[in-house]
J.: 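Below you will find the structure I want to go over with you.
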Amino acid sequence: MRLLEASLLDFRNLAEVQLSFSPGVNVLLGDNGHGKTNVLEALNYPALARSFRGARDEELIRFGSEACHLRLAIAEGEKILDIEVGLDRGGRRRMRVDGDEVHRRVELVGRLATVVFDPQTVELVRGGPEMRRRWFDQGISSVDSEYLIHLQAANRALKQKASLLRDVRRGFSSLGTVSRDLETWNAELAAHAAPLVRKRADWLSRAAQAGRDSYMDLSDEKQELQLVYKQGVGSEDPGGTDADFSREILAVLDYITSDEIRRGRCLSGPQTDDVDIILDGVSLRTYGSRGETRTAAISLKLAQAEIVYGMRGVRPVLFFDDIFSELDKDRSRKLQERTAKDHQVFIATARAEDVAGWEPAGASTWTVHEGVVTIR
Amino acid sequence: MDHATPTPREAAKGNDGGEFQSPALERLVRALGRLPGLGRKSATRIALELVQGGGETAAELAESVTAAREQVRTCSRCGAITEDDPCRICCSDKRDSALLCVVASPVDILPFEKAGFFQGRYFVLGRLLSPLDGVRVDDLPFDRLDARIREHDVRELILALDSSVEGEATALYIQRMIEDLDLSLTRLATGIPVGGALAYTDEATLHRAFQFRRSF
C-alpha cells in the first residue's frame with residue numbers, strides 16, 4: 001500500500017500543500033516546529049480517523065480558519081482509493097471514500113494501513129499500561145473492523161457502569177436499588193469483552209513471534225524478546241462460542257461487584273489488560289537499558305506492520321517521526337534499509353545526517369519551513 | 001469587507017445585535033427555539049411567518065396545540081400515544097394478545113402500524129437503560145411489563161429496540177427478567193436493507209447479516 005498524492009488545506013500550520021510521493025522513501029527535512037510532524041499527522045489521519053498524536057479534531061484546524069480539509073490518493077495493488085476528510089470548528093467531520101460519504105469512524109478506519117514510529121514509541125515499553133493498550137487496540141483495529149465495534153461498545157458500557165458506581169459512592173443511590181443495574185451492565189460489558197479478549201490473545205501471539213524476529217534482526221546480541229498477555233479480567237477462556245466465554249467473564253465481574261461498590265469505580269475488565277515485555281526472561285519495563293527498551297519498542301511496531309501484511313496481504317505505509325536521533329547510526333541504517341525494502345516510508349527529521357549517505361533509488365526529499373513544503 | 005450588506009445572520013438578528021424591537025416577537029422566537037431541532041434562525045423564520053403571514057395558519061396552530069395538549073394522553077396499558085385510554089390497539093379484538101412487541105418510544109409503533117403486518121400488541125418502555133442519563137432499572141416500567149406478560153398469557157415477546165449499547169443492555173435485562181417464564185423471546189434481525197446494494201453496506205451491518213445468515 002502506498003500514498004500517491006495528498007492535498008492539505010488549513011491543516012495545523014499548513015495553509016495549502018500539494019504533494020506527490022515516491023513509492024519508496026520520502027524524507028521531510030526541517031527545523032522543529034515548522035510542520036514536519038503536521039504533514040505526517042495529516043497523511044495518517046484516515047488510518048485512525050483521528051490524529052495519531054491524540055489531538056482533538058478542532059486542534060487540527062489552522063489558526064484563524066473555520067475548517068480544514070485533506071484529500072489522499074492511495075494505491076493498494078491495482079486499486080486506487082480516494083479519501084477526503086473535512087473538519088470544521090462546529091465539530092462536524094465529513095468523510096468520503098471514492099466520493100461516497102461515510103458517516104462513522106469505523107467505516108474509514110483501517111482502509112489506509114499505517115504504522116507510526118515517533119518519540120512516544122519508546123513509551124510502549126517504558127510507559128503505563130494505557131500505552132500498550134493503545135498499541136494493540138490500534139493494531140487490531142487496522143486488521144479487524146469488528147474489533148473497533150466491540151471496543152467502542154465495551155467502553156460505552158464501562159462508562160454507564162462507572163456512573164452507577166459513582167452515584168453509589170456519593171450516596172445518591174442506595175445499594176439495593178442499583179444491584180440489578182450493575183448486573184445488567186456487567187452482562188453487557190461481558191458480551192463485548194469476550195470477543196475483545198480473544199482477538200487480543202490471538203493478535204498478541206502473532207505480535208510475539210514477529211516481534212522476536214525483528215528484535216533479533218535489529219540487535220547484535222542474540223537475545224529473545226517475549227510478550228505475555230496479562231488479561232485484566234482474570235477468567236480462563238473455556239473455548240467454545242463467544243457466549244460461553246462471556247458467561248465466564250460475567251461470573252468474575254459479578255464476583256468483584258462488592259469490591260467495586262466499596263471503591264466506587266470499575267476495577268477489572270478489558271480496560272485493565274496489559275502486556276509484559278520480557279527480554280531473556282527479564283521485564284524490560286523495570287530493568288531494560290535505554291538501548292534495549294528502544295529496540296524492543298521499535299520491534300513491536302515492526303511486528304504490527306508484519307501482522308497487517310500477514311492478515312491483509314498489504315504492506316502498511318511507515319512513518320518515522322524524529323526517531324533516528326534516538327538510535328545509534330548502525331541501528332538507524334539497519335532499520336531504514338530493512339523497512340524501505342518492502343514498505344513506502346516517510347521520514348521526518350531535523351538532522352540531515354540521519355539520512356546522509358543513504359540514497360535509495362527514487363527517493364524524494366522536501367524541506368518544511370514555516371508551514372511551506374518545498375521539494376529539493 | 002462590505003459593511004453595507006448585512007449577512008443573513010445579522011439580518012435575522014436585527015440591527016442592534018440579537019433582539020427584535022418587539023418583545024412579543026422575541027418571546028415567540030425564544031419559545032420556538034426551545035423546540036427540538038430548531039435553532040434561532042429557523043425559529044425566527046417560523047415566527048415571522050406566523051406573525052406576518054396571511055391566512056389562518058397562526059390561529060389554527062394555536063388552537064390545535066391547545067386541543068392536542070388536552071386530548072392526547074398515553075395509553076395506561078401499553079404506553080402508546082392515544083386519545084382513548086386504553087388505546088385502539090389494546091382494545092381491538094382482532095389483535096393477538098399472545099404476541100407482544102416491546103419498543104423504546106411511542107413513535108417506534110408508527111412504522112409497524114404503517115406497514116400493517118404485525119397483528120400483536122405493543123408495550124412502550126419510554127426510554128432505554130442509561131445510567132449516564134439517569135435511567136435505571138427502577139425508572140422503567142418493567143413491573144408493568146411483567147404483569148402484562150402474565151395477565152395476557154403472552155407466548156412471544158418481540159424486542160424491537162435500538163442496536164445501541166443501551167438497547168442491548170435493556171434487552172439483556174428483559175431476557176433475565178423472563179428467564180423463568182414459559183415464552184419465547186425474539187429480537188428484530190439486523191442486516192442489509194431490502195432493495196439495498198451489498199456494495200454500499202457498511203462493514204458492521206454486513207458482519208451482523210453474515211453472522212445471522214439463514215439457510216436458504
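Chain letters run A, B, ... following the sequence lines, proteins first, then strands; residues in each count from 1.
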J.: Is the number of heavy atoms from other residues, nucleotides or ligands under 6.0 Å of A/Arg94 CZ greater than 12?
T.: no
J.: Please classify the contact of A/Glu183 with chain B as side chain, backbone, both or neither, using a heavy-atom distance under 4.5 Å.
T.: both
J.: Can you name the residues of residues 109-126 of chain B that have some heavy atom under 4.5 Å away from a heavy atom in chain A?
T.: none
J.: Just wondering, are more than 12 heavy atoms of other shown residues or ligands nearer than 6.0 Å to CZ in B/Arg27?
T.: no
J.: Rounded to the nearest 0.5 Å, what separates atom CD in A/Glu107 from atom OG1 in B/Thr205?
T.: 8.0 Å
J.: If you draw a 6.0 Å radius around CZ in A/Arg134, do more than 12 non-hydrogen atoms from other residues or ligands fall strictly inside?
T.: no
J.: Measure the spacing between CZ of A/Arg156 and CD of B/Glu166 and express it to the nearest 0.5 Å.
T.: 4.0 Å
J.: For atom CZ of A/Arg263, decide whether the heavy atoms of other residues, nucleotides or ligands shown that lie under 6.0 angstrom number more than 12.
T.: no
J.: Where on A/Gln160 is there a heavy atom nearer than 4.5 Å to chain B: the side chain, the backbone, both, or neither?
T.: both
J.: How about B/Arg176: does its CZ atom have over 12 heavy atoms from other parts shown lying under 6.0 Å from it?
T.: yes
J.: Quick one: pull up OG1 in A/Thr184 and CD1 in B/Ile174 and give me the separation to the nearest 0.5 Å.
T.: 10.0 Å
J.: So for atom CZ, which belongs to A/Arg50, do other residues, nucleotides or ligands contribute more than 12 heavy atoms lying within a distance under 6.0 Å?
T.: no
J.: Taking side chain as everything from C-beta outward and backbone as N, CA, C, O, which of these in A/Val178 sits under 4.5 Å from a heavy atom of chain B? Side chain, backbone, both or neither.
T.: side chain
J.: For chain A, which residues of residues 127-147 of chain B have at least one non-hydrogen atom nearer than 4.5 Å to it?
T.: B/Leu129, B/Ser130, B/Pro131, B/Leu132, B/Arg136, B/Val137, B/Asp138
J.: Identify which part of A/His103 has an atom lying under 4.5 Å from any heavy atom of chain B, answering side chain, backbone, both or neither.
T.: neither
